[in-house]
Amino acid sequence: MGIILWIIFGGIVGWVASLIMNTDAQQGIVLNVIVGIVGAVIGGWIMTATGGSDVSGFNLYSFLVAILGSVLLIAAVKFLRRA
């Protein structure tokens with residue numbers, strides 16, 4: 001994917017993940033993009049390690065894998081803030 005598509009994809013994924021984790025009011029658009037991109041990388045690593053395929057483009061599978069990684073990233077940040 002090109003850089004513009006990564007930014008758009010990351011923004012959408014980060015926004016949906018923040019809605020799932022109830023952190024939407026705390027995150028701005030820039031943080032949504034960062035969380036979405038980093039979450040896509042984390043989700044891709046997890047799926048590759050478990051035998052699945054990586055984030056491969058702008059499709060439903062990649063979207064769900066990226067959301068999984070983003071939700072895990074937000075959960076880890078929330079856990080570390082409490083500790």
Side-chain angles (χ1 to χ4, degrees):
M1 284 197 282
I3 188 74
I4 300 298
L5 276 179
W6 269 107
I7 292 171
I8 293 170
F9 188 77
I12 294 170
V13 167
W15 176 67
V16 171
S18 70
L19 290 177
I20 292 171
M21 295 300 290
N22 201 20
T23 58
D24 188 40
Q26 302 161 356
Q27 292 182 204
I29 189 166
V30 174
L31 194 55
N32 278 339
V33 170
I34 293 169
V35 166
I37 292 172
V38 174
V41 172
I42 292 170
W45 285 341
I46 291 171
M47 293 309 292
T48 301
T50 59
S53 63
D54 200 0
V55 174
S56 60
F58 212 138
N59 54 44
L60 181 61
Y61 175 78
S62 296
F63 185 74
L64 294 175
V65 168
I67 287 178
L68 171 71
S70 297
V71 166
L72 291 175
L73 175 64
I74 292 172
V77 169
K78 287 175 93 173
F79 177 75
L80 291 175
R81 282 188 174 172
R82 289 185 188 154

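Quick note: residue numbers are just sequence positions, from 1.
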Task: Short side-chain to backbone donor-acceptor contact, T50 and M47, under 3.5 Å - done: yes
TODO: First locate atom OG of S70, then atom CD1 of I20, and finally report the distance between them rounded to the nearest 0.5 Å.
DONE: 9.0 Å
Open item on the list: If I compare all heavy atoms of N32 with all of S18, which pair ends up nearest, and what's the gap?
Closed with: OD1-OG, 3.7 Å
TODO: Supply the atom-to-atom distance I8 CD1 to I4 CD1, rounded to the nearest 0.5 angstrom.
DONE: 6.5 Å
- [ ] Look up atom CG in L72 and atom CD1 in I67, then write down how far apart they are to the nearest 0.5 Å.
- [x] 12.0 Å
Open item on the list: Contact between I12 and F58 at the side-chain level, heavy atoms closer than 4.5 Å - yes or no?
Closed with: yes
Task: Nearest-0.5 Å distance, CD1 of residue I34 to CD1 of residue I29 - done: 11.5 Å
TODO: Step through the shown structure and confirm whether more than 12 heavy atoms of other residues, nucleotides or ligands are within 6.0 Å of CG on N59.
DONE: yes
- [ ] Using the rule that two of Ile, Leu, Val, Met, Phe, Trp, Tyr join whenever any of their side-chain heavy atoms come within less than 4.5 Å, decide whether F79 and V71 are in one cluster.
- [x] no
Open item on the list: Could you measure the distance from the OG1 atom of T23 to the CH2 atom of W15? Nearest 0.5 Å is fine.
Closed with: 12.5 Å
TODO: Of all the heavy-atom pairs spanning M21 and K78, show the shortest one and how long it is.
DONE: O-NZ, 3.1 Å
Task: Set of side-chain contact (heavy atoms from CB on, under 4.5 Å) partners for I7, sequence neighbours left out - done: I3, V33
TODO: Check whether V77 and W45 end up in the same hydrophobic cluster, where Ile, Leu, Val, Met, Phe, Trp and Tyr are linked by side-chain heavy atoms less than 4.5 Å apart.
DONE: no
Task: Shortest non-hydrogen contact from G14 toward V35 - done: CA-CG1, 4.4 Å
Task: Closest non-hydrogen atom pair between F9 and A66, with its separation - done: CE2-CB, 3.7 Å
Task: I37 versus W6, closest heavy-atom pair with distance - done: CG1-O, 3.6 Å
TODO: Find out if a path of hydrophobic residues (ILVMFWY) with successive side-chain heavy-atom gaps under 4.5 Å connects L19 to L68.
DONE: yes
Open item on the list: How close do V13 and G36 get, counting heavy atoms only, and between which atoms?
Closed with: CG1-CA, 4.0 Å
